[in-house]
Amino acid sequence: MVSEKYAPKGIEGKWQQLWAEQNVFKADEDSHKPKYFCLCMFPYPSGNIHMGHIRNYSIGDIIARYKRMKGFNVLQPIGWDSFGLPAENAAIQRGVHPREWTLQNIAQMKVELKSMGIGYDWDREVTTCLPEYYRWEQKLFTQFFEKDLAYKKTGQVNWCPKCETVLANEQVQEGACWRCDSPVTVKNLSQWYFKITAYADQLLSGHEQLEKKWPQRVLDMQKHWIGESQGGRIQFQIEGSSEKVEIFTTRPDTLFGVTFVTIAAAHPLAAKLCQAPQSIEQLEKIKKAVALRRPDEEIKEKKGFFTGSYAIHPLTKEKIPVWVGDFVVMEYGTGAVMAVPAHDQRDFEFATTYQLPIKRVIIPEGEHSSEPLKEAYTAPGVLVASGIFSGQDNELAKGAILTELEKKKLGVSTIQYRLRDWGVSRQRFWGAPIPIVYCKNCGTVPVPEKDLPVSLPMDVIFSGKQGNPLEHHPTFSKTQCPKCQKPARRETDTMDTFVESSWYYARYTDPHCSTGPFSKAKADYWLPVDYYVGGVEHACMHLLYSRFFHKILRDWGYLSGDEPFARLLTQGMVIKDGAKMSKSKGNVVTPGSILDRFGADTARLFSLFAAPPEKDLDWNEKGVEGCHRFLQRIWRLFYQHQSSLADPMVPESEISFSEKCLILRRKTHWMIQKMTDDIESEKFNVAISAAMELVNELYGALADNEKFFSSSEAKWTLQEAMRSLLLCLAPFAPHMMEELWHELGHRTFVTTAEWPKYRPELLVESKFTLVVQVNGKVRDRVEMAKGITKDDVQKLVLAMDKIKPFIEGKTLRQFIYVPEKIANVVVG
RNA sequence: GCCUGGAUGGCGGAACUGGUAGACGCGUUGGACUCAAAAUCCAAUUCUCGCAAGGGAGUGAGAGUUCGAUUCUCUCUCCAGGCACCA
């Protein structure tokens, strides 16, 4: 017997326990069913589950549960992205070791997460801060090193001179240190990089198979982030020196219009050319200004100075002055550009400011203009004053000029990417140690696999000052060279936390593997991830790094396939009162309070109903109540008709259904169709509304006649409706549906039941409503029999009482009929 | 600044390939039940003019294409996410 009141508390715990006892969510590889790997981006264990998590994991669980009911062998794992800054901050502030703080948070969040009833295979839990995980990451790092895909170069970091420590961008607030408020400076440090640019072309071409399966906006963002430009690298000899300057240009066709060369202040050549005290001063000024702004920020007034040196034009051999300019950045191309003021707006502005010559080499076809330019001419045209290339179309000249330069070994045709190599060094404690040893004799030596993991020590002092605590640890950095056994220094930098999240999805396929990151057989069975859910803020970094890792792991034989995530859903944020939930705004709603008051089913239902998944969701208490009410309405319907629902069903063929029951049955099958389609197309909010409509319809039948469901045909109709409703809502509110399913007499889980099928023949209607318009404005609606011809419709429409006044005395110009939808009378 | 999205009633949102704008939920109003309240059930609810019948306007703003535009094109405004050391 069902209790009168819907009391989620008792129900939810009970079913969660039963699911766990019977291993409902345990995934294994020896199933005859097709596999389905459903994954949500794993959480950072900050301490508490927040509404964003609830939403993320509810979305993932809908898919996982739906696919299970559709007959798939589903894997849905969970883990912890548990290295990172907050743990280290907690260590500084509270004197607790980051490991302890993190593991405590995990334990707490696990309890909260479990109370949501998400169908995780908890046996596959992965925690990235534990040595059994990061030892394999360290192994991969040594492979990056050996295959020349990890290298060291100088990189810039934010530096607080007072704390003597490196600051993350987040820790720099308006140019000052977040802890001591001192002005932040830029410091050059030797850092480790992964050569992601070597895979730039594959990361771009891989988009082909993600088309239509990933949101277009994510593909667009990645495409621009990678930023492919076709062009050439051209060498300019420095006059009276053996030095050369190599420039990158997308406009080799304008080579004859070069009137100066501009190099970045950070370019190695700049320091060499600027020896005079005055030049050095100017150079330092520009360096500082460039370091403090974003690379692509527009500069109102471009600044620069002449270095005093000249370059030799590769084809004309003219003398070209070399300038330093603040609009040239070292991060892109070669850090040097050939300036063509006549055909590039930035160069034009610079030339105007410093009164440098402007030489026009492209004119529109058929023109002979010699008027001075008011702005750069960037449209297509024909080359002039360009030696043997004069008269050529400028697009064709691009290739021709590069070919000429290639012949003379002064240039080469290339593709330049905006994407930069991935800096993975962090001067922090709470990360996976980079497994490298520096030996005076042997140089840079990777730690051999037998010595891995390089573990983080427990006896560490966190002062928040003087940089990475690992550097000051008494023994960590003191080691022996793995090659010559002589005393050597261990690398104290740790890895960017994005490295852990770049391969965790693959670890889930074999989470306890102790002979490698994972076994190939298991990875090949489960990968790719069929459905990946997470925030859109990861579009360019995490999602690009993971794709890079996947291709690396493929090339090294760890797994097969080109892409890690076959389908992607980027969900929006949870906001409250129009703003992101945050402690400082005081608008945080904790999941705990919602679970206490309404239960997990309501929380899950609301987070899917209130907004489409990809949009931001405004948390609204009243809306939560509405969803709770909806569940109560189902419960009450069930409670009030328990005896009817318990009656054994006679075969459908023995019943003749009244018109009213047929309408209800149509609604039931309409709901199944609608929910199936809407879940497939990720419109969960609309799917839920279909279930609400069916419930409304059932209540409507009772409003006309309290005893409506007492006839045998109506009982049959109600049973069909309720059974369908429980099945369709099982992924959304699994605990309650499980309870009612059990009450219907089932002794197996609704969670593992088969997803219902709708019957198309029950959806067919004989009539339709025709919308009648005059000149595109709706004037009337009328019921018509299906299959009516256009001529018959026209006759009927023109004779309609509400239509006549609008067409009287006017000429019929057109009669448009969209079958079974609309008729538009066009008069004039 | 650059890249990428978004904007629909009082609110969250719906609308198939260009074809009834506002499904569903919240809120509000009215009714039923009740001694009363809560809960529940039913009904109405884009704005505006009108006693009504009915008319007019309407999907961020402005233009355009079309018999017909929330949907397609152009221009603009505002908001959000990302910008490489938050994850």
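A, B, ... follow the sequence lines: proteins, then strands. Residue 1 opens every chain.
- Contacts of A/V172 with the nucleic acid, taken as non-hydrogen atoms under 4.0 Å apart, are absent.
- Rounding to whole angstrom units, NE2 of residue A/H628 and P of B/C26 are separated by 13 Å.
- Between B/C11 and A/N620, no contact under 4.0 Å exists linking OP1 or OP2 to a side-chain N or O.
- To the nearest 0.5 angstrom, A/L812 atom CG is 6.0 Å from A/L798 atom CG.
- Here A/A610 lies in heavy-atom contact (under 4.0 Å) with sugar-phosphate atoms only.
- An OP1 or OP2 oxygen of B/C41 is reached within less than 4.0 angstrom by a side-chain nitrogen or oxygen of A/R633.
- For A/E625 and B/C26, a side-chain-to-base donor-acceptor distance below 3.5 Å is absent, hydrogens and geometry of angles not being considered.
- OP1 and OP2 of B/G81 both lie 4.0 Å or more from every side-chain N or O belonging to A/K615.
- Backbone-only contact: A/L85 has heavy atoms under 4.0 Å from sugar-phosphate atoms and none from a base.
- With both pairing distances under 3.5 Å, B/G12 is matched to B/C24 as a Watson-Crick or G-U wobble pair.
- Here A/H538 lies in heavy-atom contact (under 4.0 Å) with a base.
- Of the P atoms belonging to B/G81 and B/G13, the separation is 16 Å, rounded to the nearest Å.
- B/G58 shows a glycosidic angle more than 90° from 0 and is accordingly assigned anti.
- Rounded to an integer number of Å, the gap from A/N696 CG to B/U40 P is 14 Å.
- Using a 4.0 Å heavy-atom criterion, one finds that A/V771 contacts the bases of the nucleic acid, with or without backbone contacts as well.
- Taking atom C1' in both B/C67 and B/C76, one finds a spacing of 29 Å when rounded to whole Å.
- If you check B/C24, B/C85, B/C26 against the side chain of A/F609, the one that comes closest is B/C24.
- Across all strands shown, B/C41 forms a Watson-Crick or G-U wobble pair, both distances under 3.5 Å, with B/G31.
- Aromatic ring pairs are classed by plane angle as parallel below 30°, tilted from 30° to 60° and perpendicular above 60°; the pair A/F194 and A/W422 is perpendicular.
- Here the P atom of nucleotide B/A80 and the CD atom of A/E614 are 19 Å apart, to the nearest Å.
- Listed by chain and number, the residues in a side-chain contact (heavy atoms from CB on, under 4.5 Å) with A/K821 are A/V818 (sequence neighbours excluded).
- Applying the 4.0 Å criterion to OP1 and OP2 of B/C26, one finds that A/R629 has a side-chain N or O inside that range.
- The side chain of A/E537 approaches B/G81 more closely than any other nucleotide in the set B/G81, B/A15, B/C85.
- The nucleotide B/A52 finds no pairing partner, because no Watson-Crick or G-U wobble arrangement with both distances shorter than 3.5 Å includes it.
- Proximity note for A/R418 (side chain, C-beta onward) versus B/A84, B/G13, B/C67: the nearest is B/A84.
- Among the atoms of the strands shown, none is found under 4.0 Å from any heavy atom of A/Y6.
- Counting any heavy atom pair closer than 4.0 Å across all strands shown, A/D220 reaches sugar-phosphate atoms only and no base atom.
- If you check every strand for non-hydrogen atoms under 4.0 Å, A/V166 touches a base.
- At the heavy-atom level, A/W422 lies nowhere under 4.0 Å from the strands shown.
- Remark: the A/R813 side chain and the B/C67 base include no donor-acceptor N/O pair separated by less than 3.5 Å.
- Heavy atoms of A/S425 sit under 4.0 angstrom from at least one base atom.
- Among the heavy atoms of the strands lying under 4.0 Å from A/G423 are primed sugar atoms or P, OP1, OP2 only; no base atom is included.
- Within the nucleic acid shown, A/Q191 comes within 4.0 Å of at least one base atom, counting heavy atoms only.
- Across all strands, A/L617 comes closer than 4.0 Å to no nucleic acid atom at all (heavy-atom distances).
- Here the two rings, on A/Y133 and A/W503, have centers that are under 6.0 Å apart.
- Pair assignment for B/A7 gives B/U77, based on Watson-Crick or G-U wobble hydrogen-bonding distances that are each under 3.5 Å.
- Proximity of A/R426 to the phosphate of B/C85: a side-chain N or O atom is located under 4.0 Å from OP1 or OP2.
- Considering only side-chain atoms of A/Y699, the nucleotide from B/C42, B/G19, B/C83 that sits closest is B/C42.
- Residues A/I634 and A/F638 fail the side-chain proximity criterion, which asks for heavy atoms closer than 4.5 Å.
- Side chains of A/D496 and A/Y545: a donor-acceptor N/O pair is absent below 3.5 angstrom, by distance only.
- Remark: C1' of B/U4 and NZ of A/K223 are 13 Å apart, rounded to the nearest angstrom.
- Contacts of A/P43 with the nucleic acid, taken as non-hydrogen atoms under 4.0 Å apart, are absent.
- Screening A/Q427, A/K152, A/R426 against A/D493 for a side-chain hydrogen bond (donor to acceptor under 3.5 Å, both in side chains) leaves a single residue, A/Q427.
- Cation-pi check for A/K790 over A/F815 is not met; the charged atom does not lie both under 6.0 angstrom from the ring centroid and within 45 degrees of its normal.
- What separates NZ of A/K821 from C1' of B/G68 is a distance of 14 Å, to the nearest Å.
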